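Heads up: the structure comes next, in structure tokens.
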Amino acid sequence: MSEPLPVVRQVADLRSCIAGWRKGGMSVGLVPTMGALHDGHFSLVRASTLQNDRTCVTLFVNPKQFGEGEDFGTYPRNEAADADALAGLSADLMYAPEGDEMFSAGSVTAVSVPGLGDWLEGEFRPGFFTGVATVVTKLLLQAMPDTAYFGEKDYQQLCLVRRLVADLDIPVEIAGCPIVRDTSGLALSSRNAYLSAGQRAIAPALNQALGHAAEAIRGGEDIAAATATATAAILGAGFAKVDYLAVRAAVNLQPAGTYDGNQRILAAAWLGDVRLIDNLAV
Ligand code: AMP
């Protein structure tokens, strides 16, 4: 049995714990999450514990990144199980602030990243990336780690965090970690818990279609033709709607004209009322 994981809920306690580590000359890794942890999150924690003397995992279901009618109220929450799993992975601290610790009464300041925050996910989830950028900025400034770890699963979020850290001179290195998938190729996600058995069988079609399109583009097929074929395949498999399916520059998600060997294919699609996202290097 591993020792129970220490949990702090106040910024002051987080800072005093990290200040103690700093005094001892230790490096600090931060892994921001919304909880309901799975192997995707754990891969970030492992990267951090390998590369740092101390690892703090944050758990905060950020109300500012959920739109009207989205699943803020029902988002899976299981802090006790998360803490147990993190203790087993040798994480050192969980920071799980309450909503009013993160956003006190009267707080109005927001961080927005025009362009990157408006395309793709931003187009279909207005306000989403301002919510993400604001909370990530706060977590980075609260903890001031050496390195913060983000998954390529949310590739646009990773690009946006790199941008905001550069723009705001936040002295934290941002590490991107590869997408963890199950054996069917489905990217692990806390929201996969919403899928019925039937939907679960259809879901891997999203990753398969992206994989075929990436291969076709690398083989010389026109990007527009390959993305149209992939969209049709996803709908044909039983998805209800494709919000977007696009090839973009890997570094900044600018639209891509022709294949240049440094692009990413990204998609969001609805399976019933569950929205899945995925992406791959092209
Ligand atoms: P979330 O709890 O969904 O906000 O995710 C917290 C962090 O875990 C984000 O940086 C995600 O990109 C990352 N993450 C979530 N799922 C995966 C996955 N399947 N593989 C890699 N990273 C992931």
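Whatever order the structure lists ligands and atoms in, that order sets their numbers, starting from 1. By convention here, the first residue in the shown sequence is residue 1. Because the structure is predicted, anything quoted here is derived from the model rather than measured.
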Requested in this report: Quick one: look up the protein heavy atom nearest atom 12 (O) of ligand 1 and list residue, atom name and how far away it is.
Outcome: D154 OD2, 2.7 Å
Query raised in the report: If you measure from each non-hydrogen atom of R181 to ligand 1, which part falls under 4.0 Å: side chain, backbone, both or neither?
Result: neither
Query - Protein residue, atom and distance nearest to atom 20 (N) of ligand 1, heavy-atom basis - result: V180 N, 2.9 Å
Query raised in the report: Which option, N192, L188, L37, owns the non-hydrogen atom nearest atom 19 (N) of ligand 1?
Result: L188
Report task. Just jot down the ligand 1 atoms closer than 4.0 angstrom to any heavy atom of H38, in number order. Result -> 15 (C), 16 (N), 17 (C)
Report task. Starting from atom 18 (C) of ligand 1, find the nearest protein heavy-atom neighbour and note its residue, name and distance. Result -> G40 CA, 3.6 Å
Query - Residue pair C159 / L116: nearest heavy atoms and the distance that separates them - result: O-CD1, 3.7 Å
Query raised in the report: Numbering the atoms of ligand 1 from 1, which are under 4.0 Å from a heavy atom of M34?
Result: 1 (P), 2 (O), 4 (O)
**Report entry** Check: I179 N/O within less than 3.5 Å of ligand 1 N/O
**Finding:** no
Query raised in the report: ligand 1 versus L44, non-hydrogen atoms closer than 4.0 Å: side chain, backbone, both, neither?
Result: side chain
Query raised in the report: Looking only at heavy atoms of E152, does any of them come nearer than 4.0 Å to an atom of ligand 1?
Result: no
Requested in this report: For atom 5 (O) of ligand 1, grab the closest protein heavy atom and report residue, atom and distance to one decimal in Å.
Outcome: H41 NE2, 3.4 Å
Query raised in the report: Does V11 offer a backbone N or O that forms a donor-acceptor pair with the side chain of E101 under 3.5 Å?
Result: yes
Query raised in the report: Which heavy atom in I223 sits nearest to a heavy atom in G257, and how many Å separate them?
Result: CD1-O, 3.5 Å
Requested in this report: Can you label the angle between the F72 ring and the F66 ring as parallel, tilted or perpendicular, going by 30° and 60°?
Outcome: perpendicular
Query raised in the report: Quick one: does S190 get an N or O within less than 3.5 Å of an N or O on ligand 1?
Result: no
Query raised in the report: Quick one: which of T130, D118, L164, T134 gives a side-chain contact (heavy atoms from CB on, under 4.5 Å) with S112?
Result: T130
Query raised in the report: Between D53 and S27, does any side-chain donor sit less than 3.5 Å from a side-chain acceptor?
Result: yes
Query raised in the report: Checking side chain to side chain contact (heavy atoms under 4.5 Å, CB included) for the pair F42/V180: CA distance, chi angles, key distance, verdict?
Result: CA-CA 10 Å; F42 299 153; V180 177; over 6 Å; no
Query - Salt bridge present between R163 and D167 (N-O < 4.0 angstrom) - result: yes
Report task. Please confirm whether Q157 comes under 4.0 Å of ligand 1, counting heavy atoms of the residue only. Result -> yes
**Report entry** K64 side chain to V135 backbone, donor-acceptor under 3.5 Å
**Finding:** no
Report task. Compare A187, P178, P32 and give the one whose heavy atom is closest to atom 21 (C) of ligand 1. Result -> P178
Query raised in the report: What protein heavy atom is closest to atom 17 (C) of ligand 1, reported as residue, atom name and distance in Å?
Result: K153 CB, 3.6 Å
Query raised in the report: So, R54 and D146, do they make that salt bridge, N to O below 4.0 Å?
Result: no
Report task. Would you mind running through ligand 1 and noting each atom that sits below 4.0 Å from a heavy atom of F150? Result -> 10 (O)
Query raised in the report: Are any of the side-chain nitrogens in R275 or E70 under 4.0 Å away from the carboxylate oxygens of its partner?
Result: no
**Report entry** Contacting atoms of ligand 1, where contact means under 4.0 angstrom from a heavy atom of G151
**Finding:** 9 (C), 10 (O), 11 (C), 12 (O), 13 (C), 22 (N)
